[in-house]
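A quick note: this is a predicted structure, and the numbers were derived from the prediction, not measured. Whatever order the structure lists them in is the order used to number ligands and atoms, beginning at 1.
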Amino acid sequence: MTTTTELVAYEEALATYDPVMGLEVHVELGTRTKMFCGCSTELGAEPNSQTCPTCLGLPGALPVVNEIGIESAIKIGLALNCEIAEWCRFARKNYFYPDMPKNFQTSQYDEPIAFNGYLDVQLEDGEIFRVQIERAHMEEDTGKSLHVGGATGRIHGASHSLLDYNRAGIPLIEIVTKPIEGAGERAPEVAKAYVAELRELIKALDVSEARMDKGQMRCDVNLSLRPYGREMFGTRSETKNVNSLRSVERAARFEIQRHAAVLNSGGTILQETRHFHEEDGSTTSGRIKDNAEDYRYFPEPDLVPVAPARAWVEELRGGLPELPRLRRNRLREDWGVTEDVMQTILNAGAVDPIVATIAEGADAASARKWWMGELARNANETGRALDELPVTPAQVARIAALVAAGDLNDKLAKQVIEGVLAGEGTPDEIVEKRGLKVVSDDGALGAAVDEAIAGNAAIADKIRGGKVAAVGALVGAVMKTTRGQADAARVKELILERLGVEG
Ligand code: ADP
Ligand code: MG
Ligand code: ZN
């Protein structure tokens, strides 16, 4: 259905046209309660069990603003180098949709809490690209509709719809960039890098988990093309609710190719919203959205203006964490890894677990090795994030310490990790219960060594004859009979000793 869209090859499109982008990112805050009432924001509850007259929009109900919501908005604004309004108001954005029982969304319009900022993002080649921020404003989420009875879960063909208002009123911050110009062929990369950096920033501020896969952060990608040298922007399309970093990049790329095809054929780009399709990276038309769209915004009469005291704002500024980009560079140097390796660690969500494991006493290399190896593999297989695995940094550090002390080798350590993940107990308990200690005691190893020599006479002769490298085969045989528990270095020494060869 979507593959019929005409596209121009990417390089060809960029040879003719200069892309301009605008990114609107919605972040769901991690507050315990909703933005304007005391209802819980916990996920997974029975539909409509977390509602009250205020978030259901019943007549006479009055909203009260969530202080943590405001605080989070200010922190985000400050981290984005924005000015913080001395005085601003909420506004009603009026429209009807069943998932919004009040028939208006409480949002901000011409008086956002934060404005005029920027975020520096690092591109793959190391270059820093500055994205200008127009505004960050506060608003609330809508409920969820579930269309039942149709084949696709869409409203078309459905027999009825169910509504769950548990999400209605959960605080959102919308962060809007100024038009991003000058990115050229790297526009899709800039879009992805910006959203990635913003996500890291939000997480560092501890105001949201910012999980795109859980819808806690979603991005609208506005894009237009203009001929090189022309100052006026072309007409934009707005691809809505893109929910992964990769999709942000693909959506921008696809729209560049699609716009170019339309423009090349003498057509006009419609100002419309579009839907992104994960399967093939395409977009399809949503609704026409011209500038005549009128939400009849007006200041919210039921809420007092927000006038954050300057002292409070300065206190929040003083408490801002180290910027993710700078922290990443610092850690990369501390750990002695390349940009590429650091990127892989970041993509795996392993930065914080590794930092925590080092804080528990492990050295950087082993902390990295276990989180990026055995643990990442398990997380992958079980569809969990690293920080969702039932293992603590302290336990990983303990395993690393056992390896460093020679009590475990890598193979045994993997079995210990497997035990911890299976809930068998602490590393020490598992070593004990499964009997996983490295055997380096000569008495215990001697018999296995003798057996290996006797069973591999030809190899033993080769070693005696001076081919010391062949000792690996005998060490392997001993490891096999001891089920991987022998101290390999000691085994090698013993074999060479027995055969009367210098190591
Ligand atoms: P809307 O409310 O319709 O989404 P906004 O002005 O809030 O409009 O946001 C539009 C986003 O698109 C902003 O990031 C803005 O910088 C950007 N933008 C505006 N005009 C263009 C254009 N012609 N091409 C690309 N991006 C644009
Ligand atoms: Mg928009
Ligand atoms: Zn409520």
(Q) Taking the ring of Y295 and the ring of Y109, is the distance between their centroids below 6.0 Å? (A) no

Identify, by atom number and element, the atoms of ligand 1 in contact range of [X], meaning under 4.0 Å from any of its heavy atoms.
X    : result
L23  : 14 (O)
G22  : 12 (O), 14 (O), 17 (C), 26 (N)
K178 : 16 (O)
P179 : 16 (O)
E238 : 4 (O)
V176 : 13 (C), 14 (O)
G234 : 23 (N)

ask   = Is there a heavy atom of E134 sitting under 4.0 angstrom from any atom of ligand 1?
value = no

Protein N/O/S atoms closer than 2.8 Å to the Zn ion (ligand 3) number 4

Any donor-acceptor pair under 3.5 Å linking the side chain of [X] with the backbone of [Y]?
X    : Y    : value
N66  : T33  : yes
N264 : A13  : no
N243 : G215 : no
Q257 : L7   : no
N166 : Q50  : yes

By ring-ring contact (aromatic ring centres under 6.0 Å, His included), Y194 pairs with (sequence neighbours left out) none

Applying side-chain contact (heavy atoms from CB on, under 4.5 Å) to H156 and not counting sequence neighbours gives none

ask   = Is any N or O atom of T235, backbone or side chain, closer than 3.5 Å to an N or O atom of ligand 1?
value = no

Quiz item: Does the N or O separation between L223 and ligand 1 drop below 3.5 Å for any pair?
Solution: no

CA sep, side-chain torsions, deciding dist, call: E200, K203, salt bridge (Lys or Arg N to Asp or Glu O under 4.0 Å): CA-CA 5 Å; E200 291 304 309; K203 284 198 291 189; 3.5 Å; yes

Notebook entry, point to check: Hey, mind stepping through M342 and V351 against side-chain contact (heavy atoms from CB on, under 4.5 Å) and telling me if it holds?
Noted result: CA-CA 9 Å; M342 196 64 199; V351 175; 4.2 Å; yes

Closest heavy-atom approach to atom 14 (O) of ligand 1 among I269, N222, T177 is made by T177

Going by the 4.0 angstrom heavy-atom rule, the piece of M21 near ligand 1 is backbone

Residue pairs meeting side-chain hydrogen bond (donor to acceptor under 3.5 Å, both in side chains), one or both in residues 300-317, sequence neighbours left out, come to R92-E300, R92-D302, E314-R317

Exercise. Is there a side-chain contact between L14 and Y228 (heavy atoms, below 4.5 Å)?
Worked result: yes

